[in-house]
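Below is one structure; the comments refer to it alone.
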Amino acid sequence: MTDTEHRSAFVSVIGRPSAGKSTLMNALCGQKVAIVSPVPQTTRNTVRGILSKPGCQLVFMDTPGLHDSDKAINKRLRDLATRSLSDADLILYVVDSTRAPGPEEEAIAGLLKNFVPKIRAAVNKIDAKLSDPARTSAFLDDKLPGVQRFDISAQKGDGLEALLSALVQSAPPGPAYYPDEYYTDQEPVFRIAEVVREKVFLHTKDEIPHAVYVDYVAHHMLDDGTLVYEGELVAERDTQKGILIGKGGAMIRQIREEAEHDLADIFPYPVRLSLKVRVDPGWKKNDKLLKRLIQ
Ligand SMILES: Nc1nc2c(ncn2[C@@H]2O[C@H](COP(=O)(O)OP(=O)(O)OP(=O)(O)O)[C@@H](O)[C@H]2O)c(=O)[nH]1
Ligand SMILES: [Mg+2]
């Protein structure tokens, strides 16, 4: 290969729920592409983040955290992540160094066994008090010997340059798949729904974050260039609906205002949200809906 040859790679970002996959993809792309929260299983879709550098384009595929469970929704999330392993040119395996590996991490390492040459491991959260990178490295040496690994903090930015140049060097010759100025391929209405969902994840607790999806209703552009997005927060139970609305509407107002604030940085035009809350007790068992929401 000559130095002038263009390279590109689809990079599948894999790991346990809450390992920091979305934080890392956002940091590498230099943009908030995917939503982030402390609640495991924040990401429900494969979200693409694109990084274009002179002579190289990396297309990151941030996947839902791999989690052992037979629930229909978790099975769909797992299928989605595993499918992306064989499709990818490179695999970025994110391991949370603050947590002991355990059975869930072993199951993931087992899935990855057949892909060793294309895996780059990110030992994440080395900035955190509870971080034990030596324990994570020992786990990787044992389960995936030979895998190149990098100690990083996705949140603080430590170690990201070395990781990124390794990814660029490992990318095979190939064309740019997206124009240079793209950093994600998500549709605006999907991104808006995701930002709203992030605020639900950040401000509600217990089962509520996982009980909610954001249903797109309609959108239109005002004469002054403001995008008006109408959506519904769909919960599984009336009690959840009450919490989402909050006292005198305080919760839904906070969700709306914070989401509008973030969206102002994401889009070149103002976004105004019109949000309602409704209940659909069976949404997580509705295959047709899950197919639409999780893809
Ligand atoms: N201290 C520390 N926290 C981090 C780091 N990276 C991510 N986090 C935090 O870990 C939590 C989970 O981060 P996410 O990026 O949403 O994790 P994820 O792997 O995408 O999670 P799922 O989408 O649920 O699978 C968030 O609270 C992040 O702020 C890091 O390098 N250091
Ligand atoms: Mg995520």
Side-chain angles (χ1 to χ4, degrees), residues 11-49 60-69 71 73-82 84-85 91-99 101-102 104-105 107-108 111-112 120-133 136 149-164 184 186 190-191 193-205 207-214 258 262 293-295:
V11 185
S12 179
V13 189
I14 293 284
R16 282 164 93 178
S18 261
K21 300 175 294 299
S22 300
T23 306
L24 177 56
M25 182 179 74
N26 291 345
L28 292 173
C29 293
Q31 300 281 351
K32 178 148 178 183
V33 182
I35 63 168
V36 166
S37 93
V39 184
Q41 297 191 289
T42 301
T43 304
R44 289 185 188 157
N45 279 63
T46 303
V47 174
R48 284 184 182 180
F60 294 96
M61 297 177 291
D62 178 23
T63 61
L66 283 165
H67 176 63
D68 281 331
S69 154
K71 280 190 204 151
I73 186 163
N74 285 319
K75 200 173 165 310
R76 237 194 117 69
L77 292 172
R78 193 163 58 235
D79 287 350
L80 194 65
T82 44
S84 99
L85 292 178
I91 295 169
L92 179 51
Y93 176 26
V94 185
V95 193
D96 182 346
S97 66
T98 66
R99 283 186 282 171
E104 197 172 61
E105 201 71 75
I108 299 174
L111 275 177
L112 293 176
R120 302 294 173 272
V123 176
N124 191 29
K125 306 195 189 180
I126 58 163
D127 63 289
K129 239 208 202 120
L130 289 174
S131 171
D132 186 349
T136 306
R149 58 170 191 260
F150 299 84
D151 286 359
I152 66 152
S153 164
Q155 200 170 63
K156 301 269 188 287
D158 302 332
L160 298 191
E161 247 173 69
L163 171 62
L164 192 56
T184 184
Q186 301 166 86
F190 173 76
R191 296 196 77 190
E194 284 288 277
V195 172
V196 172
R197 205 163 61 77
E198 181 185 67
K199 303 311 168 198
V200 174
F201 268 64
L202 291 175
H203 296 301
T204 64
K205 49 185 200 263
E207 86 292 0
I208 296 183
H210 300 295
V212 173
Y213 80 93
V214 179
E258 283 189 20
D262 287 10
L293 290 178
I294 301 173
Q295 41 182 302

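This structure is a prediction, so every number in the text was calculated from the model and none was measured. Whatever order the structure lists them in is the order used to number ligands and atoms, beginning at 1. For the single chain, residues carry numbers from 1 onward in sequence order. Hydrogens, waters and symmetry mates are skipped; everything else that's a heavy atom, side chains included, is used.
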Residue pair [X] / [Y], side-chain donor-acceptor N/O under 3.5 Å:
{"X": "Asp132", "Y": "Ser97", "answer": "no"}
{"X": "Ser22", "Y": "Thr43", "answer": "yes"}
{"X": "Asp127", "Y": "Ser153", "answer": "yes"}
{"X": "Ser37", "Y": "Thr42", "answer": "yes"}
{"X": "Thr184", "Y": "Gln186", "answer": "yes"}

**OP:** Select all protein residues for which some heavy-atom-to-ligand 1 distance is less than 4.0 Å, and list them by chain and number.
**Re:** Arg16, Pro17, Ser18, Ala19, Gly20, Lys21, Ser22, Thr23, Val36, Ser37, Pro38, Val39, Pro40, Gln41, Thr42, Thr43, Gly65, Asn124, Lys125, Asp127, Ala128, Ser153, Ala154, Gln155

Original post:
the Mg ion (ligand 2) as vertex, arms to OG1 of Thr43 and OG of Ser22: angle to 10°?
Top reply: 90°

Original post:
Is Arg48 paired with Asp62 through a side-chain N to carboxylate O contact shorter than 4.0 Å?
Top reply: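 Not counted as a salt bridge, because no side-chain N and carboxylate O are separated by less than 4.0 Å.
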
